[in-house]
Enquirer: 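So that we are looking at the same thing, I have put the structure below in structure tokens.
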Amino acid sequence: MDATMSYQTQDIWTTWFAVYLYLGGLGAATLALAIMTNMYIKPHKEIVLWGVLSGVAMLAGGSALLFIHLLNHIAAWHVLVPTAVFNKPDAWIAWGVQFISGMMILGLLYALPTMVASEGLKRFPVVGAILKMGIVVGIANLVDHKLSKLLGWLAALCGLGTAVYTGLLLQSFPAVALWNNPGVPVLFTVSAFSTALAYLLLVLNVFVQRKEDHGLQSLYERLDLGLIVAEMIIIFSFYNYLRHSSESAMRSADMLFSNAGWIVGFIGFGLVVPFLIELRGLVSHWQSRTPIVLAAVLVLAGGFLLRHYFMFAGVYACPS
Amino acid sequence: MTRFAMVIDLNTCVGCNACMAACSLENQTPVWKNMWRTYVHDKEIGTGEEVARRFFPRLCNHCSNPACMTVCPTGATFQDANGIIKIDEELCMGCQACSMACPYHARSPWHYDDVREGKNFFGGDFKRKQPGMDKCTFCAHRVEKGIKPACVQTCVGSARLFGDLHDPNDPITKMVASGMARPLMPHLGTHPNVYYIDEVKRGAPWTQL
Amino acid sequence: MAWKFPRLSRRAFIASTGAGSAALTLLKTTGAISKPALSADSADEYNYGICNFCSSLCNLRITTRTNNGVKRIVKLDGNPNSTLNRGKICARGQAGLRQTYDTDRLKTPMIRVEGTKRGEFSFRPATWEEAFSYIATKTKAAKIQPWEWTMVGGWTSCIFYMNWAVPFAMANGIPNIVASPMQHCVTTGHLGTDAVTGNFNVHDEILPDYDNAHYILFVSNNASIGAVSTARMVRFAAGRKNGARVVALDSRRSETAAKADEWICIRPGTDLDFMLAMLGEMLREGYYNNDFLVRHTNMPFLVYKDEKGQWQLANDAEGRPQVVDQNGTSVRSLPAFTNDNTKDVSGVAVYPALMAPANLKVGGKSVVTALQAQTEECSGYTPEWAERTTGIKADVIRRISREFGTTRPAIVDPGWHGARYGNVMMLRRVQAMVQSLTGGIDVEGGWIMSGEFHHKTAGFFAAKNAGKDPGPPLTNYPGLPFALKVIDVVSKPEMWKHGHPGFSWAFAEQERNAGRETVALPAMADYGLKEAVEGKLTYKGEPYKIRALLINAANPVRHYYPDTNWKDILSNSNMELVIAIDVLPSDTTPYADVLLPSSTYLERSEPTLYGNGVNHDLALVTRYAPIDTLYDTRESPDLLYKMTEIISGNVEGFLGMIEALAGIPAAPVKEELAREKAKGLTNPFTAACRTVSFDVTAKRVGVTVAELDRPLRDKGVFTEETKKEILEKYAMPWKMPVPSLSGRVEFFSGLFDFLGKGGNVGTHFSVFATAIPATCRKDATMDKPLDKDEFYFTYGKVPTVSYGSTNNNNPVLSAINNLKKDIYTGIWIHPDRAEALNIAAGDGIKLTNTVSGQSNTGFAYITRLVHRDALFIYSAFGVENPALTRSYGIGTATNKLIPYQLDPVVGGFRSQEFTIRVAKISEKGGRA
Ligand SMILES: Nc1nc2c(c(=O)[nH]1)N[C@H]1C(S)=C(S)[C@@H](COP(=O)(O)OP(=O)(O)OC[C@H]3O[C@@H](n4cnc5c(=O)[nH]c(N)nc54)[C@H](O)[C@@H]3O)O[C@H]1N2
Ligand SMILES: Nc1nc2c(c(=O)[nH]1)N[C@H]1C(S)=C(S)[C@@H](COP(=O)(O)OP(=O)(O)OC[C@H]3O[C@@H](n4cnc5c(=O)[nH]c(N)nc54)[C@H](O)[C@@H]3O)O[C@H]1N2
Ligand code: SF4
Ligand code: SF4
Ligand code: SF4
Ligand code: SF4
Ligand code: SF4
Ligand SMILES: [Mo]
């Protein structure tokens, strides 16, 4: 049919959903990175505690947002039960929910020995009491001795899955060219890990502040630099793809590349500035922590802006 | 086997909205918040002095490859053997992923307060029990009994035709097979099953003068 | 739909009660109890009825369901057994059941709160007894005389209750009925058509056979098709699918014009010029059905021009028309009344000539045929002439004339709403003439009269031929004879004991005596009402006042022009009593003293059986109430009965009049009434009339009451004869005369000849088709350029509302209107014109009438689908009563812009005969 077309954005999944995508990707990647760091780079109790606990908190927060916005909260149990993925293996949300809940549990289990050992945590009211419970201590010991690697790997895989899932979800909406392409999961995954590195850098620079973490820090910085570069390349290819593709894509490009929030906010302050700061740090070390903290904060903000503008600029091509 | 489908002949759609009214009452849709399972665009098209007014009815296309069903995490959206895409009210948690996925703006949400208003508005006969997604069902409850969908039944222009594409003798099968009736945005790969016959102007003035 | 940043548009956390109820629901819907056992009482039940939202009178199938002992209407559909609307109904018809369930309904009788003024919606609920005693007390105290009452009726009361309303008026001595459909549409538009075809009835009786037409032309008409008259639209759709070519003359791209192959965007008010040029072309080029004109029309009649330049029939000494035969040699007299010109008065065969030989003289006068005379009249009406005013290229007019004249069968839709310009009556006359030129009357693919109309006319002629009384006029008089009979009754003082004619006739006389222009046939018009209320009308030296109004199913504050007229009438201190009967709080109801709630059409079983509207088939229908009344409401016949007890006490007379005028015998009605009363029925009189009507009708059609009732209950229609059978027997004018004055289709108008001889002069009364320019501006023709901010004014029906009726409050319809708000409630204006005035889409604009100074506001809907010279508004909006909660304050009321200007023939409104100035008042979204 040669219907006339109109081009519309949506108002169903709005800012709250960008937050959900953001917290999901960030939380998952943070958790995965923290565990991997602990397992393969250097054992690091603080990173485990900070990474796992804030990762779980972020995932919980994001999921809560999704839950609040459900039309029917009770029916949500249909997707919470693990059989959901067998029921609907083609639905990314079904996988996402399993990945997220899986990694929250696995992550907590993995961190349990560290938590049980943490004097600080034990001073917390309810949490402390739980951590002192015999069964909890028992499980922690079991994990510590036998399951640590397995749990770590499973949690990290779930983390990767979650990060990828946030992109796959958007990719499954065919009417929107901005979303419906294989670049999205890649972009979202890269961005998730980049923001997670920034978050861990922030933790190391603001909360932990140990001299001996210097090497770890610069490893994170290098990795992040690489991811930022990758992200810039992906964004550049998106630009080219959107400019010379369907009408829907071109309208998205118009919306994005005429928007100060996107260009100055996300590309400028979310990618280019932290890239320059971290590059400078790589070439000749910064004397103070401030530039790295600043870069981390900018990367984190950029990560959110990316998702916000992605939701914002998804243009539906509609017959009318 | 049956494959239900609709053909809409734009030549005789007068934009009267009878289909909207019929559907809303037959299927108890939330008119109080202006949500419809079917709606009719009323649009000015053309350039310069050659302007036309086009009425263009829309509804769920009951796609053979429905994006809405793929994304649905609970399995609430499902397809019947006759091709109709349905939503199981009890399974739907209302994540609205299907709304996001549907390229045709065919779905709308019921909130808790809509369900309350529904009881108020439709009285003791109100059917819906809980919030969730809603969309055209091709009036499954009617067509499964051999009656035409409400919108088709009342269409004063006989613009809406309903039938079975697997029945070679059904008039709509021929319309579709001949290419006279065509679906919307087939390039998206959703394989829609609502087809449109474009308007034809007989003896347009510039050929006659 | 733009997604603004930052935006959290979604509802915050759902209220806890919501979650709670969902939890309960979940419990209920799990496991064995999940499927609420389909209780036996929830099966669908069907009843049949008639839609009440426009005069198309579609046949309905009403579905009810009973849940927990409560029966509820759940769906309306077109009656699948109906050949009228073929199982379909429009949006209004579909949404109709929500009128019954409208929360804003009038639910009990109400009496004005002491000390409040008319115009304030301040009422206290009352019992029926209180309401009646209030009316009785007031009537007595104010000594309201019968002729001081005026009944005001809308089309509902007209179509369904005429058989009670007219006898009520007669029995109570009330010569005054103001009927909504008359000045607005029926008289103005239809009298023109019907002057040619003779078939004036209360609502139109022509249903063009679009199914079989090859060419269809619409002139200033949308409702037949696009605003949807289902009976017409379903046929049109079939015709279009069959390949008919469709052309629409409209000053905007209406829904109908959108379906046309060719939209002719004509300058408003100039359609008559277009049609005259077309008539001229067809006559000049010989695009007509020769044999039809010769045999069945008065085209061969000989006419001459008198010394004043008026065309007169060259009748013989006995007043019979004369024709000249084919050879042009012998002049013969024809019977004064017949449908066939091929036999002269002595029964000798003749084939009259359409062209008289040059210099033919009869009785010393130079004569020509009517066809020649009309051709001569049209000599100036060339396509080039029409191009000037219409703005349509002469070539196009010529081509359309040719296409129409040479394609058979072809239809020019007769048109519907008339009251726009003083020339619309003539326009509709010319349309009827153009149709008649093709011979397309009562033939396949042409205009076909309704089955009921054929039946009535056939019966009437049969009685006349047998020298018998045709019977009760309300049911047995067709077309013009009926119209003339009505006029006779209301216009003549001697018809009334008290010696007062209707106020409008008295006022016409007063104006004529004062040497002012007046109205020839102000039948059922509000002409002079304001004067009568204000004490400015005298009759025979005595003041003739109107001091009480009984308004039933009418909304004059919204429907008449201008609104202030009726507000003044209703609020005048001389007005002692205003009673309004309605289903919803219309804009008129705040002006009542007593409000009487009526049951809706889905809650009542009607007092009689009805014909099947415009259906070609002859069939009977009625309403069977599917549910009990929801509130403390009553029905019209019972209210009129009660009012008779109050006004005159002449109940016997009322029953007698019903018998005499409508053929429902009084004696059995009285017996039934006693029986129903004993049963304690709320509306015993309605029930009694229904029983007797069934009896009478069953006898007429030769079946038992049960045999009549059964099919009506099971199928909703009782078909007596099909279109085919009817046309075979009664096709007009082929098989029997049309009820015009001469029995023929009249090009030379007998009616206007009669009116002219009665002293009415001017082009409006011309016996032949002639030009009448619209005068929208003083001393300026329509083609003269408008000022930069000046526009012609046009309006039309919206598909989703009837008139400006209370059904714009219907929740389903108002939701659709809301969805299409810009188009439906905005003021259409062309972008070129808007730009020049710096008006953007959605801006608030002010409209000011250049003639009357009236003004109103609205918002701009900018579209190329409207003529550059014109504004267009859908006329369904502008509700002022906040009690209509869903439509209050939406849209622009047209009757705040339209002044009181009447046409001289029937007092029809000239509701577009002015121009409007437009000024921007606010940016989009600002308060207009
Ligand atoms: N603004 C505006 N005015 C118009 C027109 C227009 O389009 N717009 N059209 C003009 C034309 S062509 C016509 S024919 C007239 C028609 O004018 P009307 O015949 O007066 O029109 P309606 O609006 O159908 O009915 C008037 C009142 O009847 C009430 N009513 C509805 N159903 C029932 C019922 O069952 N019982 C009772 N007692 N009351 C009922 C409605 O609530 C409404 O208040 O209007 C004319 N005036
Ligand atoms: N939806 C709906 N349908 C109805 C009714 C209703 O209230 N609502 N009422 C019924 C009744 S009682 C009536 S009388 C009929 C009325 O039906 P119609 O006679 O069709 O009247 P409108 O819809 O008022 O206007 C018809 C068209 O005339 C156009 N027009 C206005 N001025 C001019 C002009 O000067 N020249 C030309 N060529 N076109 C012009 C308008 O743009 C509009 O599209 O509708 C009937 N059907
Ligand atoms: S009912 Fe039919 S003609 Fe009317 S708007 Fe709907 S599809 Fe078009
Ligand atoms: S039109 Fe939309 S809702 Fe309907 S089946 Fe296709 S994708 Fe699903
Ligand atoms: S809203 Fe309901 S139907 Fe739609 S995707 Fe979510 S669970 Fe499935
Ligand atoms: S098929 Fe039924 S549910 Fe679908 S739009 Fe038509 S009436 Fe509504
Ligand atoms: S055309 Fe529509 S409003 Fe008029 S009678 Fe038929 S269904 Fe009712
Ligand atoms: Mo009318």
Enquirer: B/Thr74 and A/Asn87: which non-hydrogen atoms are nearest, and at how many Å?
Expert: O-ND2, 3.6 Å
Enquirer: Between A/Lys88 and B/Ala76 (side chain of the first, backbone of the second, donor and acceptor by atom type, cut-off under 3.5 Å), is there such a pair?
Expert: no
Enquirer: Kindly give the heavy-atom pair with the smallest separation between A/Leu70 and B/Met93, and that separation in Å.
Expert: CB-O, 3.4 Å
Enquirer: Looking at side-chain heavy atoms only, is the closest gap between B/Arg54 and A/Thr4 below 4.5 Å?
Expert: yes
Enquirer: Flag the one option from B/Ala97, B/Ser99, B/Ala67, B/Cys102 with the top tally of heavy-atom pairs under 4.5 Å to chain A.
Expert: B/Ala97
Enquirer: Measure up the A/His73 and B/Tyr112 rings against each other and bin them: parallel (under 30°), tilted (30 to 60°), perpendicular (over 60°).
Expert: parallel
Enquirer: For atom CH2 of B/Trp32, is the number of surrounding heavy atoms from other residues, nucleotides or ligands below 6.0 Å larger than 12?
Expert: yes
Enquirer: What option among A/Ile93, A/Asp90, A/Val97 has the most heavy-atom pairs under 4.5 Å with chain B?
Expert: A/Asp90
Enquirer: Is there side-chain contact between A/Leu71 and B/His111, with at least one heavy-atom pair below 4.5 Å?
Expert: yes
Enquirer: Quick one: pull up CD1 in A/Ile12 and CD in B/Gln96 and give me the separation to the nearest 0.5 Å.
Expert: 5.5 Å
Enquirer: If you take all heavy atoms of A/Met5 and B/Lys43, which pair is closest and at what distance?
Expert: O-NZ, 4.1 Å
Enquirer: Check each atom of B/Leu91 against the heavy atoms of chain A and say whether the ones under 4.5 Å are side chain, backbone, both or neither.
Expert: both
Enquirer: I need the A/Phe173 CZ to B/Thr70 OG1 distance, nearest 0.5 Å.
Expert: 11.0 Å
Enquirer: If only atom types and distance count, is the side chain of A/His78 paired as donor or acceptor with the main-chain N or O of B/Glu90 below 3.5 Å?
Expert: yes
Enquirer: Which heavy atom of B/Val71 sits nearest a heavy atom of A/Ser172, and at what distance?
Expert: CG1-OG, 3.4 Å
Enquirer: Would you give the length of the straight line joining atom CE of B/Met185 to atom OG of A/Ser248, rounded to the nearest 0.5 angstrom?
Expert: 9.5 Å
Enquirer: Checking heavy atoms, do the side chain of A/Trp179, its backbone, both or neither come under 4.5 Å from chain B?
Expert: side chain
Enquirer: At their closest point, which heavy atom of B/Pro103 faces which heavy atom of A/Pro174, and how far apart are they?
Expert: CG-CG, 4.2 Å
Enquirer: Check each atom of B/Cys68 against the heavy atoms of chain A and say whether the ones under 4.5 Å are side chain, backbone, both or neither.
Expert: neither
Enquirer: How many angstroms lie between atom CE of B/Met100 and atom CZ of A/Phe17, to the nearest 0.5 angstrom?
Expert: 7.0 Å
Enquirer: Near A/Phe257 CZ, under 6.0 Å, is it more than 12 heavy atoms from other residues, nucleotides or ligands?
Expert: yes
